[in-house]
A.B. asks: 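Next up is a structure, given as structure tokens.
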Amino acid sequence: MEKKAKIKIAITIASLAAISILFTRQQRRRRKLNQRSQYSCYLQSEPKPQHNFKRVLADNSYSPFKHANKEKSSGSHPYELEITALLENPRPEFDFSNVDLDLQRSDSFIWVETKSQLNELANALSKEFFFAVDTEQHSLRSFLGFTALIQISTEKEDYLVDTIALHDEISILQPFFADPGVCKVFHGSDNDVLWLQRDFHIYVVNLFDTAKACEVLSKPQKSLAYLLETYCGVATNKFLQREDWRQRPLPAEMLQYAQTDAHYLLYIAKCLVAELKQQGNENSYCPDDKFNFVLEASRRSNMVCLQVYTKEIESYPGEAAASSIFFRLLNGQGGVSSISSVTQDLVRRLCAWRDLMARVHDESLRFVLSDQAIIALANKALANPTDVYTTIAQADSDVDCLNLSSSLPSPSPVVCSHLDDVERQVCNNVENLDDILLANLQKCLGPNGSCPLSVFNYVLPAKSNWELKNQSNKFVYKQNGVKISRQVAKKASRDLFVQKFSCKSPVYHNCRIYANDGRLLCYCDRKKLEWYLTRDLAKLVEDNPPAIMLLFEPKGRPEDEGNEFYIQSKKNICVSCGEGNHYLRYRIIPSCYRIHFPEQLKSHRSHDIVLLCVDCHEVAHAAAEKYKKQISAEFGIPLFIHKLRTAAMALLHHGRTMPSNRREELRRIVMRYYGGREISQEDLERALLVGMSPRERRRHAKKRGLSLKMSKPTDFPDRQQDSYPAVMVESATMDATKADNVLGLHAIETQKSGHGPHGKQVVDYLLREYGEDGIRQFCQRWRQVFVEALHPHFLPAGWDVMHSGRREFGEFSVYNPAKKPADDGAAEINKMHH
């Protein structure tokens, strides 16, 4: 009995202890929650490495990035003249023949973390004619990201430069990177070139990119991992690229990875240059072939140097993120068919707050607040900060099992420090958003602000004037009155056009797909990611922007495509002027030609579809229409649109009364459009519609009855009509209706030329005379027209006038020519008809 009593007493004591511990934990959690939300910012006790920087070139304000000023610089790039000179008069060859490198990598390297060591490195580089470079970045705990490490390898030494400790001193290296007499060797340099500009005003001149060399040599793969394995027998762990490169000291594994990336680049460059020369020698038997493989690799490499870094400036904080969330809700998540105005408003408020807090605290958007948390907050009725806290934690925990970022705190320290502000955004949907954001900014960075000032956020209060943008436009009309009525009307027309025809959500989502060995396969949209996830063919490895890893071995690699354009992230801005507030898709190769290309040259190809603002779109469209006329004259294949409609109208209204020779001349014009066959009254009616704008077609439909009554029908031979031309005209009319290339502002009602037989006849002629090479050269001509018309400064990395555009299809692909139905003509007609 005593034993049972003791057991009961022990159980009672244990139960009381457990209850006491649980109660204490709850109290501590509430106290911690209240303290974080009411008092100081987490940065007061958790400073970040980048807060030791004395100055930064790219702060977190809404102002654009300022590039270095240089005498004799005429463009936005301070070294445009030097780079252009290399492109126009390239050096005859890269002389790596004397490079003597030991493939046995030594564990020894020089860690550069003091100014004196940096000066020694500069002194060493002053004696070099080439050196290899790589960088490691950090983006999770930074709004714009920053360079955490630079690896530089010469023929004799490997240097790892601590750019966190030496951030304010790295400018010492600027002259060596900008020296056209010194060759810098990179691999996949598109991002590195921009990051060096952003952080240190370092501009690369005279670049040899081993990835571009692989492209010229048509290597099966172009990744650095492939080159290391092929030429050096070295395997690397690419997952280390996504590790936290801010930590000091760096673990031995990360140090080895960093050294390896740069150490072998000079040797790889030497091997590739030798192959380029050999390829040139093997092709020199053809006297007309003057293609220099080494110079082509040099040209493509130095084209990368002309890129300029830009900050993505939105018309309102968080606008792009909100549009992206709306797109996801309407296109895949839960089958939502519409979003209420209340939900839309809450999402915009939360995205704007997240954007502002990310700038203030120098954090990435996904670290501050995840997209799934924003959706959860917008869809749930919340009463207090505790509800907000719980909702965010639950939303993040629901997806933790699908990604590798579950180690992130949820809610984030930013949310915990400003929990009352989040509640205010969610619960107070009456107060003006501008007022709330300004109040938050004052609370964070004002005279008695809770958040520490840093080189990243100190200009935010002075340059956060987004609330004035819309107001300033409201008074334009009253201020100037009648004197500028035409300007006002033109501006209003332009604004309406932008509102109606510009893209309503981001075009590029920059989602990534990785192979099961960690190599990047491609960038894509969210729909494609969800396709893999819903079929359990991949797992989510990153959240914002999303990234998945395939659970199977893919058939090909991105390098198989023959161009690295498809494995680069892309910005949602006008590729010509950088405008980011609105943009339209523009097809560089007009659709009247492209629809007739072979499948392998047009299917799933986004290289020749770019984003342009309305003004640049108008310029590009005008240049395209002008060049169509040149194509028509060159090939002797008329565009027909204007003469066709005039001839058809004259025959319909005056066919019986006009002289026979004139009637026959007009009939030949219309017959040529229909492939030479005899034409009917119905054919003439259809010909009138070709090239009409929707407004013109509606007007024509209203007048049609009256016009036909007043005009006697014209007699034509009563022959059985071939169905193909009728379908072709129908297709041409539909193409004109859809207006694949949205016309410019002043050209929106102009007739669209080239549809009908012109485009098909041009393509057929090229295929018959020159094969697919003729089509590729034809595309290159159109790209050159585009470049000369706009001189675009913001083309995506990897975009190239010489892009091949070819795509190989797998055995079971629906685009495989071998899988085409036997009746190709009927299939083509059916495809055009639908």
Side-chain angles (χ1 to χ4, degrees), residues 26 29-30 32-34 36-37 42 140-141 317-318 320-336 338-340 342-358 361 363-429 440 505-506 509 511 526-527 529-530 533-534 538-548:
Q26 289 178 343
R29 184 176 179 180
R30 288 176 183 172
K32 186 177 181 181
L33 187 61
N34 291 332
R36 285 191 171 185
S37 62
Y42 71 100
L140 177 62
R141 301 298 305 277
S323 299
S324 177
I325 290 175
F326 296 149
F327 180 84
R328 289 169 58 191
L329 287 173
L330 292 171
N331 294 273
Q333 287 197 356
V336 178
S338 63
I339 307 173
S340 68
V342 175
T343 301
Q344 289 186 42
D345 182 62
L346 286 174
V347 168
R348 288 194 179 97
R349 286 171 174 266
L350 289 168
C351 287
W353 177 87
R354 179 178 68 171
D355 181 271
L356 180 61
M357 290 298 103
H361 298 84
E363 303 282 9
S364 64
L365 297 179
R366 66 190 180 103
F367 181 83
V368 175
L369 188 64
S370 64
D371 285 354
Q372 62 265 17
I374 288 178
I375 295 171
L377 290 171
N379 287 325
K380 189 173 182 180
L382 305 170
N384 52 58
T386 304
D387 287 348
V388 173
Y389 187 99
T390 305
T391 301
I392 295 173
Q394 184 61 47
D396 289 335
S397 66
D398 289 343
V399 296
D400 277 351
C401 58
L402 297 175
N403 61 56
L404 301 181
S405 59
S406 57
S407 59
L408 295 179
S410 179
S412 70
V414 180
V415 171
C416 292
S417 297
H418 303 277
L419 201 56
D420 292 338
D421 296 333
V422 184
E423 182 202 12
R424 186 180 179 188
Q425 295 289 341
V426 176
C427 300
N428 188 352
N429 57 2
N440 286 340
S505 61
H509 299 158
C511 303
R526 295 176 186 270
K527 245 184 178 179
L529 252 62
E530 289 165 2
L533 291 173
T534 55
K539 62 180 180 181
L540 196 66
V541 294
E542 289 187 28
D543 179 46
N544 191 10
I548 62 172

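No experiment lies behind these values; they were computed from the predicted model shown.
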A.B. asks: Tell me every residue that passes side chain to side chain contact (heavy atoms under 4.5 Å, CB included) with Ala547, counting only those two or more places apart in sequence or in another chain.
C.D. replies: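 Ala547 satisfies side chain to side chain contact (heavy atoms under 4.5 Å, CB included) with Arg512, Tyr514, Val541, Glu542 only.
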A.B. asks: Check the pair Trp353 / Val415 against side-chain contact (heavy atoms from CB on, under 4.5 Å), numbers first and verdict last.
C.D. replies: CA-CA 10 Å; Trp353 177 87; Val415 171; 4.2 Å; yes
A.B. asks: Look up atom CG in Asp355 and atom CG in Leu350, then write down how far apart they are to the nearest 0.5 Å.
C.D. replies: 12.5 Å
A.B. asks: Looking at every non-hydrogen atom in both residues, tell me the closest pair between Ser412 and Val368 and how far apart they are.
C.D. replies: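 Taking every non-hydrogen atom into account, OG-O, 2.7 Å.
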A.B. asks: Can you list the residues that meet the side chain to side chain donor-acceptor pair (under 3.5 Å) rule with Gln394, with sequence neighbours excluded?
C.D. replies: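 Only Asp398 meet the side chain to side chain donor-acceptor pair (under 3.5 Å) criterion with Gln394.
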A.B. asks: When rounded to the nearest 0.5 angstrom, what is the spacing between CG in Asp543 and CG in Leu365?
C.D. replies: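 Answer for the CG-CG pair, Asp543 versus Leu365, is 11.5 Å.
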A.B. asks: Please round to the nearest 0.5 Å and tell me the distance separating atom CD1 of Ile374 and atom CD of Gln425.
C.D. replies: 10.5 Å
A.B. asks: Could you work out, with ring-ring contact (aromatic ring centres under 6.0 Å, His included) as the rule, every residue matching Tyr42, not counting sequence neighbours?
C.D. replies: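 Partners of Tyr42 by the ring-ring contact (aromatic ring centres under 6.0 Å, His included) criterion, ordered by chain and then number, come out as His361.
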A.B. asks: Of all heavy-atom pairs between Gln344 and Ile339, which one has the smallest distance, and what is that distance?
C.D. replies: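 Taking every non-hydrogen atom into account, NE2-O, 3.0 Å.
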A.B. asks: Would you say the side chain of Leu529 lies within less than 4.5 Å of the side chain of His509, judging by non-hydrogen atoms?
C.D. replies: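 Result no, sub-4.5 Å side-chain heavy-atom pair not found.
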A.B. asks: In the structure I gave you, are the side-chain heavy atoms of Met357 and Asn440 within less than 4.5 Å of one another anywhere?
C.D. replies: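 Yes. Closest side-chain heavy atoms under 4.5 Å.
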A.B. asks: Indicate the atoms forming the closest heavy-atom contact of Ala395 with Ala373, along with that distance.
C.D. replies: CB-CA, 3.9 Å
A.B. asks: Could you tell me which residues satisfy side chain to side chain donor-acceptor pair (under 3.5 Å) with Thr343, sequence neighbours excluded, listed by chain and number?
C.D. replies: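 Ser340.
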A.B. asks: With sequence neighbours left out, what residues match Ser323 under side chain to side chain donor-acceptor pair (under 3.5 Å)?
C.D. replies: none
A.B. asks: Can a salt bridge be assigned to the pair Arg349 and Asp345 using a cut-off of 4.0 Å between side-chain N and carboxylate O?
C.D. replies: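 Answer for the salt bridge query: yes.
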A.B. asks: Between atom CG of Leu369 and atom OG of Ser364, what is the distance when rounded to the nearest 0.5 Å?
C.D. replies: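 Result: 11.0 Å between the selected atoms.
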A.B. asks: Is there a side-chain contact between Val414 and Arg354, using heavy atoms and a 4.5 Å cut-off?
C.D. replies: no
A.B. asks: Once rounded to the nearest 0.5 Å, what's the spacing between atom CD of Glu423 and atom CG of Leu377?
C.D. replies: 11.0 Å
A.B. asks: To the closest 0.5 Å, what do you measure between OG (Ser410) and CZ (Phe367)?
C.D. replies: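 The distance works out to 10.5 Å.
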A.B. asks: Of all heavy-atom pairs between Leu419 and Pro385, which one has the smallest distance, and what is that distance?
C.D. replies: CD2-O, 3.5 Å
A.B. asks: Donor-acceptor pair, distance only, cut-off 3.5 Å: does the side chain of Thr390 make one with the backbone of Thr386?
C.D. replies: yes
A.B. asks: Taking the side chain as every heavy atom from C-beta outward, state whether Ser370 and Asp396 have any pair of such atoms under 4.5 Å apart.
C.D. replies: yes
A.B. asks: Ala322: which residues meet the side chain to side chain contact (heavy atoms under 4.5 Å, CB included) condition with it, sequence neighbours left out?
C.D. replies: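 Ala322: side chain to side chain contact (heavy atoms under 4.5 Å, CB included) contacts with Phe326, Val347, Arg348, Cys351.
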